[in-house]
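Quick note on labels: first sequence line is chain A, next is B, and so on, each numbered from 1.
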Amino acid sequence: MTLRLFNTLSGQLDDVLPADGAVLRMYACGPTVYDYGHIGNFRTFLQVDLLRRALQLFGVPVRHVMNITDVDDKIIRNAAAAGLSIAEYTPKFEQAFLDDLDSLAVQRPEVLTRATQHIPQMVHLVERLAAKEAAYRTDDGNWYFRLRAFPDYGKLSKKDLEGMTDGARVDVDEYERDSARDFALWKSTRSGETGWETAIGRGRPGWHLECSAMAMEYLGESFDLHAGGEDLMFPHHENEIAQSESATGKTFARHWFHVRFLLVNGRKMSKSEGNFFTLRDLLLRGYKASSIRLALLSVPYRHQLNFTFDGLIEATSAIDRLRTFAARLRAALLEPGSTAKGLDTATRARQEFLAALANDLNTAEARAPIFELVRQGNIALDAGLLRSDDRDAMLRTLDAFDSVFAVIADHDAAPTRAAVEWARTNGRLDEVAPELLAASTLTDAEIDARVEERNLARRQRNFRRADQIRDELANLGILLEDSRDGIRWKRK
RNA sequence: GGCGCGGUACCCAAGUGGUAAGGGAGAGGUCUGCAAAACCUUUAUGCGUCGGUUCGAUCCCGACCCGCGCCUCCA
């Protein structure tokens with residue numbers, strides 16, 4: 001099956017296939033590590049993760065490069081305020097970012113690159129552009145890209161340069177540039193300020209330059225796909241195209257993938273608006289990592305997603321249903337063999353799931369056949385009609401689903417525990433949901449012992465005592481389920 | 001002002017020129033010591049409004065209303 005994906009550049013659905021017939025080379029703009037990321041940021045990284053997982057499911061090997069921007073104005077400002085160099089300031093937030101990716105089950109890119117470790121490549125790119133008269137240096141030492149040198153400018157964001165000249169928001173009076181729209185490639189700095197001594201002078205790279213230089217370093221001058229949030233389309237990605245294609249004369253990225261924004265209360269979630277949640281905020285309130293992952297993945301990437309706590313609760317319930325079914329399938333004692341209906345149910349669900357994903361990563365549509373499978377599977381189990389090969393086929397379909405959505409396999413304990421630990425060491429225990437703190441004090445063995453104690457009471461038909469234990473555990477966030485196959489418990 | 005996206009049941013949300021997937025929540029029932037889980041039934045003559053095209057439109061066209069994003073650092 002071939003993935004068809006909306007391409008911002010072509011304005012239509014295009015097949016996503018490796019140009020070299022072997023590995024799909026993709027670049028995704030990563031974070032600027034000046035603070036903890038908010039879940040709006042993570043929506044984009046989750047959708048990129050979904051993309052790479054879907055490609056792998058379709059049998060397309062992926063080489064995925066992500067940058068870490070570890071030098072920029074905000075980093076320099078925050079580091080200075082903390083009395084640190086940027087090299088001392090950024091590692092904490094880079095690590096937090098990587099930890100958050102792990103919590104959300106986001107696969108690591110094949111290559112993670114830091115801007116500060118690629119200064120020579122950036123300088124070289126400026127030199128190439130200068131040689132073609134596409135870059136120029138002003139008297140203050142800054143380097144700019146000459147927009148007139150790239151007639152295709154605007155082809156990604158469909159903006160007409162002529163039509164947007166000198167709007168109110170352009171810094172018309174910015175000194176010495178040939179044109180107000182020319183963008184900075186390299187910013188000169190004085191000694192004492194953050195900067196590097198290079199052949200093009202002392203300074204630091206502009207943001208756009210970083211991505212072009214690193215993408216080309218690891219993926220070549222022309223590659224398959226470039227991803228990022230919708231806000232990066234203009235000017236960031238437009239500028240990447242301009243400087244890269246001016247230097248190489250080749251198409252930079254063939255396919256551009258843009259993820260639309262996460263809203264909260266109908267407004268864009270952003271640092272500057274102050275209306276944001278970090279992943280840790282939500283974990284400490286007692287929401288599970290898997291719930292957050294599913295909630296941010298279930299609305300297709302090309303639609304805005306309005307974040308709500310109801311949405312998280314809904315995702316939690318949906319995941320419970322999937323996990324309960326998977327556990328029930330695995331535990332069921334079944335006759336060997338298969339049934340036509342059972343196999344057909346499993347196969348059709350898988351096909352419909354794959355078709356929905358292949359259709360521009362339609363995650364909402366992709367969920368439906370999986371839940372239909374759950375229903376049909378439960379009915380067959382209730383009726384005692386399921387055979388072991390049916391079960392195996394159904395489990396394979398669930399595995400395919402989970403290789404992309406990654407929410408059925410339960411890895412929720414570790415992120416929550418880590419978040420609580422983080423709150424403890426950062427003096428933020430008051431933000432932790434009470435039942436989370438309580439539950440975190442109970443080990444699995446202690447819970448098992450309490451469950452056994454209740455079981456004994458039940459066998460003695462001492463239901464008062466049994467219910468009392470169940471209530472106590474419930475107050476600690478532990479839910480019990482009595483089933484024919486025994487007692488299951490789970491952390492809320 | 002320019003460019004773009006969206007308005008589908010209580011909530012989230014898919015979708016198609018031929019009569020509305022899925023999830024959550026709610027209600028009733030089966031099962032259970034009671035719960036929980038699971039299953040069954042149930043919840044839009046209706047898809048922002050008004051016109052038009054069509055045998056037929058939620059889906060196509062036009063106008064309008066409302067919401068959001070980008071045009072500036074930003075996932």
For [N], the Watson-Crick or wobble partner whose two distances fall under 3.5 Å:
N	result
B:rA38	B:rU30
B:rU53	none
B:rC59	none
B:rC74	none
B:rG67	B:rC5

Describe the nucleic acid contact of [X] in one word from base, sugar-phosphate, nothing, applying a heavy-atom distance below 4.0 Å.
X	result
A:Val299	sugar-phosphate
A:Gly311	nothing
A:Arg267	sugar-phosphate
A:Met233	nothing
A:Arg375	sugar-phosphate
A:Leu479	nothing
A:Asp310	nothing
A:Pro300	sugar-phosphate
A:Arg454	base
A:Asn378	sugar-phosphate
A:Ile313	nothing
A:Gln47	nothing
A:Ala364	base

Side chain of [X], base of [N]: donor and acceptor closer than 3.5 Å?
X	N	answer
A:Arg367	B:rA21	no
A:Arg470	B:rC34	yes
A:Glu314	B:rG23	yes

What distance, rounded to whole Å, do you find between the two [atom1] atoms, one in [N] and one in [M]?
N	M	atom1	result
B:rU43	B:rC65	P	37 Å
B:rA57	B:rA25	C1'	31 Å
B:rA20	B:rC47	P	12 Å
B:rU30	B:rG22	P	25 Å
B:rA75	B:rU58	P	42 Å
B:rC68	B:rC60	P	24 Å
B:rC12	B:rA44	C1'	15 Å

Check whether any side-chain nitrogen or oxygen of [X] sits under 4.0 Å from OP1 or OP2 of [N], and answer yes or no.
X	N	result
A:Ser298	B:rG23	no
A:His303	B:rA14	yes
A:Asn362	B:rA14	no
A:Arg260	B:rG6	no
A:Arg328	B:rA36	no

Taking only the side-chain heavy atoms of [X] (C-beta and beyond), determine which of [options] contains the nearest atom.
X	options	answer
A:Arg488	B:rC39, B:rA37, B:rC73	B:rA37
A:Ala368	B:rG33, B:rG69, B:rG22	B:rG22
A:Lys268	B:rC34, B:rG69, B:rA38	B:rG69
A:Arg181	B:rU72, B:rC34, B:rC70	B:rU72
A:Asp467	B:rC39, B:rC34, B:rC73	B:rC34
A:Pro235	B:rG69, B:rU72, B:rC39	B:rU72
A:Glu481	B:rA36, B:rC34, B:rA75	B:rA36
A:Glu365	B:rG15, B:rC71, B:rA38	B:rG15
A:Arg461	B:rA75, B:rG33, B:rC70	B:rG33

Spacing of [X] atom [atom1] relative to [N] atom [atom2], expressed in whole Å:
X	N	atom1	atom2	answer
A:Phe45	B:rA75	CZ	C1'	6 Å
A:Leu480	B:rC34	CG	P	17 Å
A:Asp72	B:rC73	CG	P	12 Å
A:Phe257	B:rA75	CZ	C1'	12 Å
A:Lys74	B:rU72	NZ	C1'	11 Å
A:Leu263	B:rC70	CG	P	9 Å
A:Phe307	B:rC11	CZ	C1'	15 Å
A:Arg77	B:rC74	CZ	C1'	12 Å

Do [X] and [Y] have ring centres separated by under 6.0 Å?
X	Y	value
A:Tyr218	A:His118	yes
A:Tyr36	A:Phe97	no
A:Tyr287	A:Phe309	yes

Using 30° and 60° as the class boundaries, would you call the ring planes of A:Phe405 and A:Phe401 parallel, tilted or perpendicular?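 Plane angle under 30°, so parallel.
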
Angle class for the A:Phe252/A:Trp256 ring planes (parallel below 30°, perpendicular above 60°, tilted otherwise)?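 Because their plane-to-plane angle lies in the 30° to 60° range, the rings of A:Phe252 and A:Trp256 count as tilted.
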
Is there a side-chain contact between A:Leu357 and A:Asn362, using heavy atoms and a 4.5 Å cut-off?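 A:Leu357 vs A:Asn362: side chains apart.
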
Let me know, please, whether A:Pro31 or A:Ala315 comes out on the 5' side of the other along RNA chain B by nearest nucleotide.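 This one resolves to A:Ala315.
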
Earlier contact from the 5' end, RNA chain B, for A:Thr324 and A:Val259: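 The residue whose closest nucleotide sits nearer the 5' end is A:Thr324.
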
According to a cutoff of under 5.5 Å between the ring centres and under 30° between the ring planes, does A:Phe371 stack with the base of B:rG22?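 It does not: the two rings, one from A:Phe371 and one from B:rG22, miss the stacking criterion.
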
Could you verify whether a donor N or O on one side chain and an acceptor N or O on the other, from [X] and [Y], lie under 3.5 Å apart?
X	Y	result
A:Arg114	A:Thr90	no
A:Thr69	A:Asn67	yes
A:Asp73	A:Trp207	no

Any salt bridge linking A:Glu238 with A:Lys159? Criterion: basic side-chain nitrogen under 4.0 Å from a carboxylate oxygen.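 Salt bridge between A:Glu238 and A:Lys159, a charged N being under 4.0 Å from a carboxylate O: no.
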
